[in-house]
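Order of listing sets the numbers, starting from 1, for every ligand and every atom in it. Only this structure's heavy atoms are used, side chains among them; waters, hydrogens and symmetry mates stay out.
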Amino acid sequence: MAETGNTQELMDELRQGEVYAGQSEIPSGLKYYIESYGCQMNFSDSEIVASILESEGYGATREVEQADLVLLNTCSIREKAEETIRKRLRTFDQLKPARPGMLIGILGCMAERLKSQLLEEEKLVDLVVGPDAYRSIPGLIAGAHDGRKGLNVFLSREETYADINPVRLDSNGVTAFISIMRGCDNMCSFCVVPYTRGRERSRDAYSIVAEASTLFEKGFREVTLLGQNVDSYKWKNPENGQVVSFANLLRSVAQIHPDLRVRFSTSHPKDITDEVLHTMAAHENICKYIHLPVQSGNNRILDLMNRTYDRGWYIERLEAIRTILPECAVSSDVIAGFCSETQEEHQDTLSMMEYARYSMSYMFSYSERPGTPAARKLADDVPLETKKSRLAEIVALQNRLSLEHNRKDIGRIFKVLIEGDSKKSKEEFKGRNTQNKMVVFPKVSAYRPGDYVLVEIMDANSATLFGKIINTPPQ
Ligand code: SAH
Ligand code: SF4
Ligand code: F3S
């Protein structure tokens, strides 16, 4: 499924990476600049790439004009995501000729999807490196300095970068992401991820707990465990054959310290178990928030999407959450205008959203991705205007639901982890409550980012709760 085309191509790509490895040394004092697009996993991968580069003597810069190596970690999920990257590359048209020796690399999902085609189409690009090939970047750079364009899009069944200590980029020093698995074995018909990220594999549980413990010791107070489908996390300890499930992992991370908050994303409705819900209930520091993408509320469309659950199953999972975790907020991803979707079927999505009372949703109109099962077998036949109007209805409904959800919080008191200054004012802090809601409140000098405070909510809009600190939470 997920591996690149034919074996010969794979071997050639692998060899290319290997040949370049160990060539001329990277000169010291060079600077890299990295931009990340797409999901949190990409941002997390950039921190792994940064670590690989820094161990080769590269230093980070935030100024693209000063960089010797410019990397774009790209996303392919929708056509627009790829267009954004193409546009960004055009802004380097003048920059690169003015800086001889500067290299431009494309990493991530677009690199994996387009492979050598990207080198042919984008003459500025020197390196194309897929998500499982980041260890070969130093070798590819050395080759590129010798005038050879570098390509490594080999997808691995084993690579988890478990031994690499990520360099925290753009960190607030309070919250961090930890990748617990890579790839995806689901075959949602609309989705390019199984092709760009390869087979699902889970990372060594000990390395995850060690990474979270180190973060806590450094002052971080929240970790988000990342995977395309965290509920199918499964790691077998090679020493004793013991199998660690997602619920087991969640418990181990939660036990590091009661002041370390634990979040996770993304949960798949077909796989989320009661055991995970009970584990959440048993630990105050596992946040009461689940991102549970529904995609559509209609059974025929869910079937065409190959989501492997139906509306009834999804509702049953919601009910389990409501019973086991009455305070839990649920959010979603929704796609408007999937192949052959009728007006009535679209209404089912709206009614599903209404039933679920999502606190928040990410909403998209369907974008056909070349090579996916939907692109091969189904016609992308909902007119663009219809997709747009359905999406607008979905967005309007979610705005109402978010506002209702947030207004119910007025008068309540929440434990909030301070993340930093609010966007609008240096006089205010921002932080999140357990339900992942952004809370903004006036600063009180005794507190700083990384502290927990109790905040009473005075006002709310659809995106933010506003309140004031009332005292510190009981320890
Ligand atoms: N693994 C996660 C989703 C990862 S992609 C899950 O299964 O829920 C994030 C979201 O992008 C998806 O949930 C879906 O809503 C959206 N998406 C993926 N492919 C898309 C496409 N071809 N067109 C529009 N939206 C898409
Ligand atoms: Fe894509 Fe489905 Fe995997 Fe999510 S679970 S990454 S939507 S294939
Ligand atoms: Fe995009 Fe790849 Fe993530 S396609 S959403 S960056 S897994």
R307 neighbourhood, listing ligand 2 atoms whose heavy-atom distance to it stays under 4.0 Å
2 (Fe), 7 (S)
Does a side chain donor of either E393 or S389 reach within less than 3.5 Å of an acceptor in the other side chain?
no
Answer with yes or no whether S76 contacts ligand 3, where contact means a heavy atom under 4.0 Å from a ligand atom.
yes
Cut-off 3.5 Å, side chains only: do S46 and S36 have a donor facing an acceptor?
yes
Who's the nearest protein heavy-atom neighbour of atom 24 (C) of ligand 1, and how far?
S365 O, 3.5 Å
Does ligand 1 have an atom under 4.0 Å from some heavy atom of N229?
no
Can you tell me which portion of N186 lies within the under-4.0 Å heavy-atom range of ligand 2? Options are side chain, backbone, both, or neither.
both
Is there a side-chain contact between H346 and I394 in this structure, where contact means two heavy atoms from C-beta onward sitting under 4.5 Å apart?
yes
Before accepting this row, confirm whether a basic side-chain N of the pair R322/E319 lies closer than 4.0 Å to the acidic partner's carboxylate O.
yes
I want to know if ligand 1 touches D333 in the polar sense, i.e. an N/O pair below 3.5 angstrom.
yes
Do you see a donor-acceptor pair shorter than 3.5 Å between the side chains of N406 and N461?
no
R369 versus ligand 1: do any nitrogen or oxygen atoms come within less than 3.5 Å of each other?
no
Going by atom types only, do R203 and S207 share a side-chain donor-acceptor pair under 3.5 Å?
yes
Give the residue, atom name and distance (to 0.1 Å) of the protein heavy atom nearest atom 21 (C) of ligand 1.
S367 O, 3.5 Å
Close-contact set for ligand 3 against C39 heavy atoms, below 4.0 Å:
3 (Fe), 5 (S), 6 (S), 7 (S)
Please determine, by modelled atom types, if S76 and T196 share a side-chain donor-acceptor pair under 3.5 angstrom.
no
Within 4.0 Å of some non-hydrogen atom of N42, the atoms of ligand 3 are 6 (S)
M41 contact mode with ligand 3 (heavy-atom cut-off under 4.0 Å)
neither
Is ligand 1 under 4.0 Å from a heavy atom in the side chain of C39, in the backbone, in both, or in neither?
neither
Subset of ligand 3 atoms that lie under 4.0 Å from at least one heavy atom of C109:
2 (Fe), 4 (S), 6 (S), 7 (S)
Return the residue, atom name and 0.1 Å-rounded distance of the protein heavy atom closest to atom 2 (Fe) of ligand 2.
C188 SG, 2.3 Å
Does any part of the side chain of K236, heavy atoms only, come nearer than 4.5 Å to the side chain of Q242, both counted from C-beta?
no
At under 4.0 Å between heavy atoms, is it the side chain or the backbone of R307 that contacts ligand 1, or both, or neither?
side chain
Matching residue for F264 among F177, Y233, F246 - test: ring-ring contact (aromatic ring centres under 6.0 Å, His included)
F246
Using distance alone, with no hydrogens and no angle criterion, decide if S351 and D348 have a side-chain donor and acceptor under 3.5 Å apart.
no
Does R113 make a cation-pi contact with Y195 (under 6.0 Å, within 45 degrees of the axis)?
no
Test item: side-chain donor near acceptor, R88 and T91, under 3.5 Å
yes
Side chains of E316 and R311: does their closest heavy-atom pair fall under 4.5 Å?
no
Please report which non-hydrogen protein atom sits nearest to atom 19 (N) of ligand 1, along with the residue it belongs to and the distance in Å to one decimal place.
F190 CD1, 3.3 Å
At under 4.0 Å between heavy atoms, is it the side chain or the backbone of T266 that contacts ligand 1, or both, or neither?
side chain
Atom indices of ligand 1 within 4.0 angstrom of Y366 heavy atoms, with elements
22 (N), 23 (N), 24 (C)
Quick one: nearest non-hydrogen protein atom to atom 5 (S) of ligand 1, plus distance?
I77 CD1, 3.6 Å
Whether I335 lies under 4.0 Å from ligand 1, heavy atom
yes
Under a 4.0 angstrom heavy-atom cut-off, which atoms of ligand 1 come close to P293?
8 (O)
Please report which non-hydrogen protein atom sits nearest to atom 16 (C) of ligand 1, along with the residue it belongs to and the distance in Å to one decimal place.
R78 NH1, 3.3 Å
Within ligand 3, which atoms have a heavy atom of Q228 less than 4.0 Å away?
7 (S)
Which ligand 2 atoms does P194 reach within 4.0 Å, using its non-hydrogen atoms?
8 (S)
Check ligand 2 against C184 and write out every atom of the ligand that is under 4.0 Å from a heavy-atom position of the residue.
3 (Fe), 5 (S), 6 (S), 8 (S)
What protein heavy atom lies closest to atom 1 (Fe) of ligand 3? Include the residue and the distance to one decimal.
C75 SG, 2.4 Å
How does Q228 reach ligand 1, if at all, at less than 4.0 Å between non-hydrogen atoms: by side chain, backbone, both, or neither?
both
Under a plain distance cut-off of 3.5 Å, with no hydrogens placed, do E200 and S232 share a side-chain donor-acceptor pair?
yes
With a 3.5 Å cut-off and no angle check, do the side chains of S331 and H291 form a donor-acceptor pair?
yes
Under 4.0 Å from ligand 1, counting heavy atoms only, is it the side chain of Q295, its backbone, both or neither?
side chain
Going by atom types only, do R197 and N42 share a side-chain donor-acceptor pair under 3.5 Å?
yes
Close-contact set for ligand 2 against H268 heavy atoms, below 4.0 Å
5 (S)
Would you mind finding which of S232, C191, P293 brings a heavy atom closest to atom 1 (Fe) of ligand 2?
C191
Given side chains that start at C-beta, do those of I256 and V209 come closer than 4.5 Å, heavy atoms only?
yes
